[in-house]
Amino acid sequence: MIERTGRVLWGSNNIYSVIDTASNEICSCRIKGKQLKVNDEYNILVPGDRVLISIASSEESGEGMIIERLKRENVLTRWNTKESSPQAFAANIDCAFCVASPLSPPFRPRFIDRCLVAAESGDVTMHIVLNKIDQGILSDDRERLDVYKTLGYRVLEVSAQEGDGMASLRSELQGKFVVFMGQSGAGKSSLIRALDPQAKVTIGEISEKYNRGRHTTVLSRTYVIPGLSTVVDTPGVREFEPAGIDPQALAFMFPEIRERAAACSLYNCMHDHEPGCAVRDAALASEIHHDRYESYLRMLEVLKLQGRKHR
Ligand SMILES: Nc1nc2c(ncn2[C@@H]2O[C@H](COP(=O)(O)OP(=O)(O)OP(=O)(O)O)[C@@H](O)[C@H]2O)c(=O)[nH]1
Ligand SMILES: [Mg+2]
Ligand SMILES: [Zn+2]
């Protein structure tokens, strides 16, 4: 038996595709018995997880055993509504890209806000990719994108179809292990195809009736793009809820609310309705964009509810 370290690319039914750190070879591995002691987690291993594997030294089987999951540097988690519990979906990420589109599916800044909060809480750097710029962009959405830029988030405007902006996306990806996430139909898989025409990736259509994607990608798959980067393509979702965040800490996941929350002198303030709250005052004075504050308020309610459901 030889022990080595590797990185999980994807997995299902206890068969994981793991890339060997030393050789860069991809092998399939199983979790050995009950050795992997990570309790109370919906997903024990997610794309990006670093693992200790042992591979039989004989030539016959290329299959390895996963013995241990190594400590995560960061993790992206969402709330699994069906299970009423937090669900990790990627770990040890250099950065994540929240992929959105301007018209079909429509631009939804609240959705982006929730992704950004999940990233902040999991210690992941997140950039915003507005794909399909060939469809044009409405002025309200332009304003909202500018707010993200002012807050320090990187916004890339691209078209997987026409190729606009793809060079800057490429340079952002260079040498990294990244995740594409976002609404179904925004074009996550299309971007991967545009970056690597050889990638065996399935692309779906936009439902005309509902103007949204058809959930074409159903399982996270990871694409090693030669000479560029490793990209986890995640299934698009209709709704995204961050998970595992103490409602009291939520204010610190919004860069523009953070400082005001720290300066708020009210005891145990949730920064939502309390008179004299520094955050609320800043929102009333439009120093915080009203729609971002609205995002904060809505997420606060959702997190309070999660806390009651998750035991
Ligand atoms: N006009 C335009 N359409 C695009 C562009 N990129 C992707 N599309 C279309 O958008 C649709 C959805 O693309 P996908 O790549 O399957 O979207 P996805 O985000 O992977 O969706 P899920 O797998 O369901 O999460 C397809 O019909 C693509 O052809 C673009 O840059 N411009
Ligand atoms: Mg897809
Ligand atoms: Zn306050």
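These numbers come from the heavy atoms of this one structure, side chains and all, not from hydrogens, waters or symmetry mates. In each ligand, atom 1 is the first atom listed, and ligand 1 is the first ligand listed.
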Taking distance alone, with N or O pairs closer than 3.5 Å, would you say [X] contacts ligand 1?
X      : result
Thr234 : no
Ser159 : yes
Glu205 : no

When you check the gap from the basic side-chain N to the acidic O, do Arg298 and Asp291 get nearer than 4.0 Å? no
Charged N to carboxylate O below 4.0 Å: is that the case for Glu241 and Arg78? no
Could you enumerate the protein N, O or S atoms under 2.8 Å from the Mg ion (ligand 2), written like residue then atom name? Ser189 OG, Thr217 OG1
Strictly by modelled atom types, are Arg292 and Tyr296 linked by a side-chain donor-acceptor pair under 3.5 Å? no
Which of the atoms in ligand 1, numbered in the order shown and given with their element, are less than 4.0 Å from a heavy-atom of Gly236? 25 (O)
Suppose we only allow N, O or S atoms; which atom of His271 ends up nearest to the Zn ion (ligand 3)? ND1
Can a non-hydrogen atom of Gly213 be found less than 4.0 Å from any atom of ligand 1? no
Validate the cation-pi geometry between Arg7 and Phe177: distance from NZ or CZ to the six-membered ring centre under 6.0 Å, angle to the ring axis within 45°. yes
For SG in Cys277 and SG in Cys269, the angle at the Zn ion (ligand 3) (nearest 10°) is 110°
